[in-house]
Amino acid sequence: MIKSKGNLSLTEVELLTGRTHQIRAHFASIGHPLLGDGKYGTNALNKKSGLKKQCLCSYKLAFDFTTDAGSLEYLNKKEFEIKNVWFRDEFDELSKNN
């Protein structure tokens with residue numbers, strides 16, 4: 001967890017399998033759905049926040065191949081990062097209301 005305020009937490013998650021909906025389904029299953037998630041989330045909290053989009057973003061991709069990656073080998077050991085994620089800046093404002 002990066003930080004927490006009230007009933008909201010800003011987290012960082014590392015994907016291991018890359019399975020569809022892995023983060024959304026797991027967080028919901030342990031009682032911590034993603035804010036703005038209409039499928040797995042909490043509609044009351046989503047309405048209160050005014051968000052209609054999931055607060056989920058792949059802000060960093062890191063490649064570390066353990067076998068030959070073929071035509072993608074040029075990506076090995078490279079990282080790409082988004083510096084400004086829209087909901088990260090809004091986290092403090094949203095958490096004041098919850």
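Sequential numbering from 1 along the given sequence is applied to the chain's residues. Quick note: numbers below take in every heavy atom, side chains included, and nothing from hydrogens, waters or symmetry partners. For clarity, every value in this text was computed on a predicted model and none was experimentally measured.
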Enter the distance from Lys60:NZ to Glu12:CD here, rounded to the nearest 0.5 Å.
5.5 Å
Under 4.5 Å between side-chain heavy atoms, counting indirect links through other Ile/Leu/Val/Met/Phe/Trp/Tyr residues: same cluster for Leu10 and Tyr59 or not?
yes
Sequence-distant partners of Asp37, side-chain hydrogen bond (donor to acceptor under 3.5 Å, both in side chains), two or more places apart:
Arg24
Residues in side-chain hydrogen bond (donor to acceptor under 3.5 Å, both in side chains) contact with Lys77, at least two apart in sequence or another chain:
Asp64
Which pair of heavy atoms, one from Ile82 and one from Cys57, lies closest together, and at what distance?
CD1-SG, 4.2 Å
Examine Phe63 and Tyr74 and state if one hydrophobic cluster contains both, with Ile, Leu, Val, Met, Phe, Trp and Tyr joined whenever side-chain heavy atoms are less than 4.5 Å apart.
yes
Under the side chain to side chain contact (heavy atoms under 4.5 Å, CB included) rule, collect the residues that match up with Ala69, sequence neighbours excluded.
Phe65, Leu72, Glu73
Can you name the residues that form a side-chain hydrogen bond (donor to acceptor under 3.5 Å, both in side chains) with Ser9, not counting sequence neighbours?
Ser4
Tell me, please, which residues at least two apart from Glu14 pass side chain to side chain contact (heavy atoms under 4.5 Å, CB included).
Leu16
Can you list everything that forms a side-chain hydrogen bond (donor to acceptor under 3.5 Å, both in side chains) with Tyr40? Sequence neighbours excluded, please.
none
Rounding to 0.5 Å, atoms OG1 (Thr42) and NE2 (His32) come to a distance of 10.5 Å
State, yes or no, whether a side-chain contact exists between Leu35 and Asn46 at a heavy-atom distance under 4.5 Å.
yes
Between Gly38 and Asn43, which heavy-atom pair has the shortest distance, and what is it?
O-OD1, 4.2 Å
In one Ile/Leu/Val/Met/Phe/Trp/Tyr side-chain cluster, 4.5 Å: Leu8, Ile2
yes
